[in-house]
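In what follows, a structure is listed as structure tokens, so that the remarks can point back to it.
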Amino acid sequence: MTAGPTPAARSNTRVGVVTFPGSLDDRDTQRAIRLAGAEAVPLWHKDKSLQQVDAVVLPGGFSYGDYLRAGAISRFSPLMEKVIDGARAGLPVLGICNGFQVLTEAHLLPGAMLGNDHLHFICRDQKLRVENTATAWTGDYVAGQEIHIPLKNMDGRYVADSRTLDMLEAEGRVAFRYLDVNPNGSLRDIAGITNEAGNVVGLMPHPEHAVEPLVGSGRTDGLPFFTSIIKKLVSA
Amino acid sequence: MARVVVDVMLKPEILDPQGQAVQRALPRLGFEGISDVRQGKRFELEVDGPVDDAALARIHELAETFLANTVIENFTVKVEEEK
Amino acid sequence: MARVVVDVMLKPEILDPQGQAVQRALPRLGFEGISDVRQGKRFELEVDGPVDDAALARIHELAETFLANTVIENFTVKVEEEK
Amino acid sequence: MSLDTVKHATDTPDTEQPWAELGLKEDEYARVREILGRRPTGAELAMYSVMWSEHCSYKSSKVHLRQFGEKAPQSDAMLVGIGENAGVVDVGQGYAVTFKVESHNHPSYVEPYQGAATGVGGIVRDIIAMGARPVAVVDPLRFGAADHPDTRRVLPGVVAGIGGYGNCLGLPNIGGEVVFDSCYQGNPLVNAGAIGVMRHEDIHLAKASGTGNKVILYGARTGGDGIGGASILASETFDDAKPSKRPAVQVGDPFQEKLLIECTLEAFAEKLVVGIQDLGAAGLSCATSELASNGSGGMRVTLDDVPLRDSTLSPEEILMSESQERMCAVVEPEKVDRFLAICEKWDVIATVIGEVTDGDRLEIFWHGEKIVDVDPRTVAHDGPVYERPLARPEWQDALQADDAGKLPRPATGGELKEQVLALLSSPNQASKSWITSQYDHFVQGNTVLAQPEDAGMIRVDEESGLGVAIATDGNGRFAKLDPYHGAQLALAEAYRNVATTGAKPLAVSDCLNFGSPEDPAVMWQFAEAIRGLADACQILGTPVTGGNVSLYNQTGDVAIHPTPVVAVLGVIDDVARRTPVAFAEEGQLLYLLGETREEFGGSAWSQVVHDHLGGLPPRVDLERERLLADILISASRDGMVDAAHDLSDGGLVQAVAESCLRGQKGARLVVPDGLDAFTFLFSESAGRVVVSVPRSEELRFTDMCGARGLPATRIGVVDGDALEVQGEFTLSLREVREAHEGTIEALMA
Ligand SMILES: Nc1ncnc2c1ncn2[C@@H]1O[C@H](COP(=O)(O)OP(=O)(O)O)[C@@H](O)[C@H]1O
Ligand SMILES: [Mg+2]
């Protein structure tokens with residue numbers, strides 16, 4: 001048997017996962033949500049309803065082939081209008097990799113994502129530090145915790161002007177930072193950020209690939225993302 | 001039918017590793033005397049109908065909201081001669 | 001110092017998936033009347049010294065051997081006004 | 001300008017036709033006329049010429065490939081064999097797996113990125129066409145000398161292309177090979193393999209049956225890609241007021257292919273598809289003639305309905321176009337609307353272009369006129385068959401006599417150490433992580449093992465832990481010394497790699513890369529390799545389920561090394577039992593399974609230290625390989641070994657160094673009695689694996705090996721942070737790592 005860790009809590013929490021054309025990690029993300037103990041609700045980019053989910057994940061992949069700019073075309077899909085409205089009203093939204101790129105393109109998070117400074121796709125097991133445990137998606141981590149999460153992308157270089165970067169730092173909105181190796185030239189080693197309210201989080205590495213001991217990176221350091229949101233919603 | 005060209009370049013303060021990679025390769029290829037290289041995108045749009053001010057304004061909007069990400073990029077719009 | 005611009009576009013007969021994806025997104029964004037989009041690359045080279053015929057010939061060669069892949073791409077070289 | 005209709009062709013029997021320019025031989029053209037009872041139309045000539053090409057008809061290789069069927073071992077696992085887009089094997093619990101390897105060699109030399117990318121695209125479509133969801137890819141690659149300037153153009157482009165396409169499709173890349181040898185300088189080999197998983201009831205075949213069923217073309221629009229030859233025809237039939245240039249290079253659109261995967265699988269799930277075929281080489285000519293000839297009736301196609309990217313294409317060009325990312329499905333009329341709706345959901349263009357008829361003709365219309373009227377079997381299956389002359393090359397004896405055993409060997413521990421470092425850092429033996437880190441190996445969330453493990457492993461069923469493993473191998477140096485045994489060594493290694501992870505080898509696919517079949521020496525190599533492979537498959541009990549032949553890999557008169565690349569697929573009941581490469585536990589005992597002989601012909605040592613190729617390759621003992629595999633599988637199932645690594649290029653020291661680095665643990669080795677340190681470290685005798693055994697399992701493990709007659713020699717222990725060969729030398733792990741990593745990056749970056 002290869003069952004993952006026992007779910008943190010069985011709950012009625014419903015977490016939506018949006019599939020855009022070219023999304024790749026949508027099914028894995030649904031699996032991670034189920035392993036964490038919540039119900040995963042598939043959402044389709046052309047739909048106009050969020051089906052009353054309690055939270056939304058924008059998964060990784062190459063939506064629209066990453067043509068034009070990563071996330072640039074998906075950001076205009078019909079469902080994204082609902083996600084944007086929801087996020088502004090406090091709906092928890094997590095953007096992983098391509099999802100993070102969609103969030104910056106939609107201006108739900110500041111800054112932008114550019115091609116890796118070494119110009120190659122990179123796939124590696126990446127060490128990170130959790131800098132902010134107050135967001136909707138990070139409550140199950142300990143502040144300063146060092147974790148390993150797989151990273152795989154072509155356009156993972158986070159950039160913003162220095163005023164924005166200073167603001168992010170000052171407000172504690174850098175949620176994750178790369179440790180040991182900066183894999184893509186992200187400014188200030190930023191791996192993930194949150195919005196001011198803490199309900200919208202974006203990060204480049206893929207926690208959904210670190211939820212079972214046997215597959216992916218062989219670690220379960222990513223599971224707390226999904227248990228965090230369940231606890232948050234259950235206690236809300 | 002006319003062609004409108006939208007050029008999109010990274011803002012000067014943003015690191016452009018592609019341009020740098022080109023520049024670094026130049027000496028190896030025997031090219032001297034090029035002090036900087038930046039690489040951007042060029043979009044050629046074939047526009048049905050006349051490219052009047054209204055059309056240009058719309059293309060400008062398209063560039064601003066879609067073809068370029070103005071957080072990191074600048075753009076220019078220009079009309080090319082009829083083909 | 002002068003700027004030379006090299007534009008590199010896929011040859012017309014070559015499939016341009018990026019341009020197509022952009023074009024197909026336009027109606028969704030409310031833009032009609034653009035019948036074709038092609039996406040290419042724009043290189044801005046800052047040249048030390050005068051851009052005389054010899055310099056241009058060398059940049060042409062650079063474009064042909066390095067900046068463009070002439071199996072699938074065409075390119076143009078032009079000098080921009082001094083900045 | 002007049003259309004060359006069937007009627008026109010009948011009325012003008014004496015029209016000159018450019019059959020030679022299209023690659024047909026005079027007798028082949030005569031045969032076409034005989035089959036039709038008239039001259040072919042331009043469109044028919046286009047179809048026959050591409051379908052009867054070497055690439056599509058296998059005319060030089062067919063007589064040899066037959067052995068894979070004739071000698072096929074009895075196997076209950078085989079569900080679909082050679083002849084379909086890809087073979088299918090039963091892996092238990094109602095699951096079936098399809099896999100295949102193909103080549104995209106020449107296009108990848110011309111345009112590395114796009115050539116490699118479209119190679120991945122092509123093999124993945126073969127997998128979808130069987131009804132399966134693609135779950136992984138592998139990429140066996142061969143390049144010219146690592147330090148040759150052109151390798152810096154080709155390798156990064158190929159790697160970026162394979163990654164760019166595969167990553168974008170969401171297919172984990174779980175294995176492959178990278179080999180440098182100057183024989184591949186002008187002929188790099190870009191082979192790509194893919195695996196797909198489905199339930200038994202979802203297997204689909206390429207056949208058009210059921211009169212009245214509709215033929216739907218879906219995916220990308222058709223452009224002028226890859227139709228150099230057809231343009232000759234077009235200029236004959238049409239005036240020249242059209243773009244004369246047709247692209248020689250095809251550009252891939254992985255996003256389009258991802259949509260194709262999803263919409264095809266959705267159509268399968270709703271049972272909407274009667275038959276299906278991907279469009280690859282020979283495009284619509286191939287898809288229509290194969291679908292029709294494998295079905296029960298005929299087919300009528302209206303070419304005007306094919307969506308075009310370039311409106312100036314002639315009907316001949318449309319038939320021959322090799323535009324990527326297209327598929328053809330046969331659908332019952334009442335299900336057409338639903339099929340089209342699914343395509344629309346995924347923004348995929350889909351068009352009904354024809355229907356199945358009750359005759360036995362393939363008829364194609366253009367502007368209302370009939371331009372093709374053929375028996376599809378004559379196009380798809382009745383191509384020419386050649387028995388090409390073959391002759392053992394006259395240099396073969398001299399090559400084999402040039403024994404590597406005579407080469408000077410290291411005399412001291414210091415020299416040994418130096419040569420170990422030279423091997424570990426040589427491009428062929430160095431870490432390939434600069435390449436493999438450009439491939440996503442996590443996507444889909446089912447990757448149990450990926451590079452640099454011996455085999456890639458994918459979980460198939462989350463509940464039971466059922467999984468499949470795949471390894472690809474080939475050694476052109478061995479095959480050059482002896483193509484019969486070289487091919488067997490490739491198979492033995494892939495088979496051993498799969499078993500080393502704990503999976504049971506089930507079936508084989510291959511990609512046979514050779515020089516020109518018109519050279520009798522090459523043809524001999526080819527025939528010998530196939531004979532060797534077929535014989536070995538019989539003994540190992542692993543049938544060949546499909547594969548690909550790539551000929552004409554040569555520059556002028558100089559052919560590449562004969563390079564049969566073999567993929568072995570295996571199954572494991574529970575992936576939790578897999579055996580990784582990494583030495584993980586201090587104190588565990590290292591055992592060497594198998595026998596070590598003085599075998600250096602074609603070895604990495606002879607190449608790196610002496611730049612030498614000569615002698616005989618290592619001896620092959622397939623019964624022993626079988627026994628070794630059985631022991632490895634039992635040991636994995638019963639938890640007797642914690643790590644295992646197959647010994648191949650570079651011998652024992654290479655394998656131990658890799659296992660140390662992977663687990664970040666040192667090892668202390670003792671040269672066993674009866675062996676000298678040099679042979680112990682560098683010999684490439686086949687049939688060997690090093691395993692790491694927990695002390696608590698030692699007795700049980702050695703008893704099992706002893707009882708079954710497999711030599712197992714204790715050679716050391718996992719210990720410390722150095723690689724030590726007692727009495728010879730010690731290398732810190734840092735030194736080992738520095739030697740092993742960084743070579744490729746330094747050459748390519
Ligand atoms: N080397 C080989 N060994 C076994 N089968 C082969 C080999 N080469 C080709 N075949 C089989 O011949 C059939 C036709 O091959 P191919 O033309 O490559 O298929 P496709 O049309 O799907 O590309 C396939 O079933 C393929 O598996
Ligand atoms: Mg096929």
Side-chain angles (χ1 to χ4, degrees), chain A residues 1-4 19-32 34-35 44-47 59-68 70 73 97-98 116 118-126 149-154 183 205-218 222, chain D residues 133 156 159-160 162-173 252-259 262-263 344-348 433-451 457-459 461-467 574-578 580 582 745 748-749:
Chain A
M1 285 291 295
T2 61
T19 299
F20 299 101
S23 289
L24 304 178
D25 304 308
D26 44 348
R27 273 183 298 264
D28 319 18
T29 304
Q30 291 166 18
R31 177 196 295 135
R34 284 194 303 271
L35 283 172
W44 178 239
H45 74 120
K46 283 183 187 167
D47 288 348
F62 282 81
S63 62
Y64 292 97
D66 273 5
Y67 299 152
L68 185 55
I73 301 180
C97 194
N98 195 231
N116 297 339
H118 47 77
L119 305 175
H120 298 291
F121 186 95
I122 183 150
C123 176
R124 71 191 305 271
D125 201 11
Q126 175 71 41
I149 305 268
L151 172 91
K152 32 168 225 171
N153 61 64
M154 189 77 211
H206 289 256
E208 79 281 13
H209 291 320
V211 295
E212 293 179 89
L214 261 180
V215 292
S217 69
Chain D
R133 173 174 284 282
V159 169
I162 290 171
Y165 207 100
N167 295 339
C168 190
L169 288 190
L171 297 179
N173 185 312
D253 182 353
F255 171 59
Q256 176 70 245
E257 179 122 328
K258 168 68 177 167
L259 301 183
E262 297 303 332
C263 83
E344 179 163 353
K345 169 185 167 188
W346 287 99
D347 301 324
V348 168
S433 66
W434 185 81
I435 291 164
T436 57
S437 69
Q438 297 185 48
Y439 303 146
D440 186 345
H441 39 257
F442 295 116
V443 66
Q444 293 198 6
N446 286 313
T447 305
V448 180
L449 298 175
Q451 314 86 346
M457 188 180 286
I458 293 288
R459 180 175 63 182
D461 188 281
E462 272 180 62
E463 288 297 314
S464 67
L466 178 72
D574 184 355
V575 294
R577 302 255 49 110
R578 87 267 177 264
E745 178 168 6
M748 297 304 149

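Naming: A, B, ... by sequence-line order, numbering from 1 per chain. Below, each value reflects all heavy atoms present in this structure, side chains not excepted, and no hydrogens, waters or symmetry copies. Note that this is a predicted model, so its numbers are computed, not measured.
- Contacts of A:R124 with chain D are made by backbone atoms alone, with heavy-atom separations under 4.5 Å and no side-chain atom involved.
- Between D:D253 and A:Y67, the shortest heavy-atom distance links the atoms OD1-OH, 2.7 Å.
- When heavy atoms are compared at a cutoff of 4.5 Å, A:S23 approaches chain D solely by way of its backbone atoms N, CA, C and O.
- A heavy-atom distance below 4.5 Å is not found between the side chains of D:Y439 and A:K152.
- Top candidate by heavy-atom pairs under 4.5 Å with chain A, chosen from D:G170, D:A160, D:P156, D:C168, is D:C168.
- The side chain to side chain donor-acceptor pair (under 3.5 Å) search around A:T19 returns A:D26, not counting sequence neighbours.
- The candidate from D:N446, D:D347, D:N167, D:V448 with the greatest count of non-hydrogen atom pairs under 4.5 Å with chain A is D:N167.
- With values rounded to the nearest 0.5 angstrom, D:F442 atom CZ is found 10.5 Å from A:I149 atom CD1.
- Considering all non-hydrogen atoms of both residues, D:W434 and A:H120 come closest at CZ2-NE2, 3.6 Å.
- For the atom pair CG of D:D440 and CG of A:L24, the computed distance is 7.5 Å after rounding to the nearest 0.5 Å.
- Counting heavy-atom pairs closer than 4.5 Å to chain A, the top residue among D:R578, D:R577, D:H441, D:Q444 is D:Q444.
- Between A:L214 atom CG and D:L449 atom CG the span is 9.5 Å, to the nearest 0.5 Å.
- The pair A:E212-D:R459 meets the salt-bridge criterion, with a side-chain N (NZ, NE, NH1 or NH2) lying under 4.0 Å from an Asp/Glu carboxylate O.
- Only the side chain of D:E262 comes within less than 4.5 Å of a heavy atom of chain A; its backbone N, CA, C and O stay farther away.
- Heavy atoms of D:L466 lying under 4.5 Å from chain A are absent altogether.
- One finds the NE2 atom of A:H118 at 10.0 Å from the CD atom of D:E745 (value rounded to the nearest 0.5 Å).
- D:P254 is not listed as a side-chain neighbour of A:F62, based on a closest heavy-atom distance of 4.5 Å or more.
- Closest non-hydrogen pair, A:R27 versus D:R133, comes out as NH2-NH1, 2.9 Å.
- Your options are A:S63, A:P150, A:G22, A:S217, and the one with the most heavy-atom pairs under 4.5 Å with chain D is A:P150.
- With values rounded to the nearest 0.5 angstrom, A:L151 atom CG is found 10.5 Å from D:S437 atom OG.
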